[in-house]
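Since the structure is predicted, the reported quantities are computational estimates derived from the model, not experimental observations. All values below come from the heavy atoms of this structure, side chains included, with hydrogens, waters and symmetry mates left out.
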Amino acid sequence: MEQKITVSDSELEILEVLWTAETALNANEIRSALNNYKSWERTTVLTLIQRLVKKGAVAQEKRAQSNRGIYYYTPCIAREEYVRAETKNFVEKFFKGRSKNLAAALVDSEALTKKDIEELRDYFNQNL
């Protein structure tokens, strides 16, 4: 990610819909996907989309459809890229850039079970 893009939790929900879709969606399609767990008004969805466009997180493309133009939206960043950047930011902000401090906090808070720790150990052994 060249520039740091920060999005709100609500904007992230729009991005999650677009990442899951893996194709361009219009505002109505985004709203329909969100309606499974959100009851946002159309104007709310449009506002969130426009914020994402302004931030450079989402691109819009006008397509001719039924004698009028409809905007379709695609994410400008991959989900993995965004998660990686946010994780790095989180570690910098709360753990002085030290992943070890994050791991210690997870163990101390009992957020990791023994099984989690074993799986992490196996992951590190296989990937390092």
Side-chain angles (χ1 to χ4, degrees):
M1 226 160 57
E2 297 116 29
Q3 66 185 40
K4 184 175 186 266
I5 296 174
T6 304
V7 300
S8 70
D9 290 347
S10 297
E11 293 165 346
L12 183 58
E13 293 197 48
I14 302 284
L15 278 172
E16 289 288 359
V17 167
L18 293 171
W19 286 324
T20 301
E22 298 180 355
T23 187
L25 298 176
N26 64 40
N28 287 332
E29 293 168 331
I30 293 169
R31 184 170 179 231
S32 291
L34 288 167
N35 275 343
N36 294 328
Y37 54 95
K38 292 285 181 187
S39 57
W40 288 342
E41 294 294 328
R42 184 174 190 277
T43 54
T44 301
V45 173
L46 289 171
T47 298
L48 292 169
I49 291 169
Q50 285 311 305
R51 287 181 188 167
L52 288 166
V53 168
K54 189 174 181 180
K55 291 178 179 184
V58 169
Q60 71 179 11
E61 174 191 1
K62 192 173 191 177
R63 297 181 187 172
Q65 193 173 359
S66 303
N67 295 327
R68 62 187 180 123
I70 295 184
Y71 286 101
Y72 282 79
Y73 303 94
T74 54
C76 294
I77 53 176
R79 186 180 192 284
E80 297 77 21
E81 185 180 358
Y82 182 76
V83 168
R84 191 173 23 257
E86 283 298 304
T87 301
K88 183 179 179 184
N89 182 50
F90 177 78
V91 171
E92 287 289 331
K93 184 175 181 177
F94 293 101
F95 300 100
K96 299 179 183 172
R98 305 278 321 259
S99 298
K100 178 184 169 201
N101 296 345
L102 168 61
L106 289 171
V107 170
D108 290 345
S109 70
E110 300 178 3
L112 295 176
T113 65
K114 280 191 174 200
K115 185 176 187 233
D116 292 332
I117 293 168
E118 289 170 5
E119 289 174 354
L120 283 169
R121 184 190 62 227
D122 292 344
Y123 174 82
F124 289 134
N125 287 337
Q126 291 173 5
N127 292 289
L128 296 178

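- Looking at residues two or more places apart in sequence or on another chain, you find a side-chain contact (heavy atoms from CB on, under 4.5 Å) between Ala111 and Leu106, Ser109.
- Under the side chain to side chain donor-acceptor pair (under 3.5 Å) criterion, Glu92 pairs with no residue, sequence neighbours left out.
- Not counting sequence neighbours, Arg84 has no partner by the salt bridge (Lys or Arg N to Asp or Glu O under 4.0 Å) test.
- Looking at every heavy atom in both residues, Cys76 comes nearest to Ala59 through SG-N, 3.4 Å.
- Under the side chain to side chain donor-acceptor pair (under 3.5 Å) criterion, Lys88 pairs with no residue at all, not counting sequence neighbours.
- In the hydrophobic cluster analysis, where Ile, Leu, Val, Met, Phe, Trp and Tyr join through side-chain heavy atoms closer than 4.5 angstrom, Val91 is grouped together with Val107.
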Using atom types as modelled, flag every donor-acceptor pair under 3.5 Å from a side chain in residues 24-36 to any protein atom, sequence neighbours excluded.
unit_1: Asn26; atom_1: OD1; unit_2: Asn28; atom_2: N; d: 3.0
unit_1: Asn26; atom_1: OD1; unit_2: Glu29; atom_2: N; d: 2.8
unit_1: Asn26; atom_1: ND2; unit_2: Tyr72; atom_2: OH; d: 3.4
unit_1: Asn28; atom_1: OD1; unit_2: Arg42; atom_2: NE; d: 3.4
unit_1: Glu29; atom_1: OE1; unit_2: Asn26; atom_2: N; d: 2.8
unit_1: Arg31; atom_1: NE; unit_2: Trp40; atom_2: O; d: 2.9
unit_1: Arg31; atom_1: NH2; unit_2: Trp40; atom_2: O; d: 3.4
unit_1: Ser32; atom_1: OG; unit_2: Asn28; atom_2: O; d: 3.0
unit_1: Asn36; atom_1: ND2; unit_2: Ala33; atom_2: O; d: 3.3

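- Pairs passing the salt bridge (Lys or Arg N to Asp or Glu O under 4.0 Å) check and including a residue from residues 9-26, sequence neighbours excluded, read Glu11-Lys55, Glu13-Lys38, Glu16-Arg79.
- Residue Leu52 holds its CG atom at 8.0 Å from CG of Leu18, rounded to the nearest 0.5 Å.
- Rounded to the nearest 0.5 angstrom, Leu15 CG and Ile49 CD1 are separated by 10.0 Å.
- For Gln50, the side-chain contact (heavy atoms from CB on, under 4.5 Å) partners at least two apart in sequence or on another chain are Val53, Gln60, Tyr73.
- A salt bridge (Lys or Arg N to Asp or Glu O under 4.0 Å) check over residues 58-77, counting only residues at least two apart or in different chains, returns the pairs Glu61-Arg63.
- For Phe90, the ring pair (Phe, Tyr, Trp, His ring centres under 6.0 Å) partners two or more places apart in sequence, or in a different chain, are Phe94, Phe95.
- Ile5 and Gly56 make their closest contact through CD1-O, 3.7 Å (heavy atoms, listed as atom of the first residue, atom of the second, distance).
- Linking Ile, Leu, Val, Met, Phe, Trp and Tyr whenever their side-chain heavy atoms come within less than 4.5 Å puts Leu48 and Trp19 in one cluster.
- For Ser39, the side chain to side chain donor-acceptor pair (under 3.5 Å) test picks out no residue, with sequence neighbours left out.
- Listed by first and then second residue, the side chain to side chain donor-acceptor pair (under 3.5 Å) pairs that reach into residues 115-128 are Thr113-Asp116, Lys115-Glu119, sequence neighbours excluded.
- Contacts classified as side chain to side chain donor-acceptor pair (under 3.5 Å) and involving residues 96-107 (residues at least two apart or in different chains) are not found.
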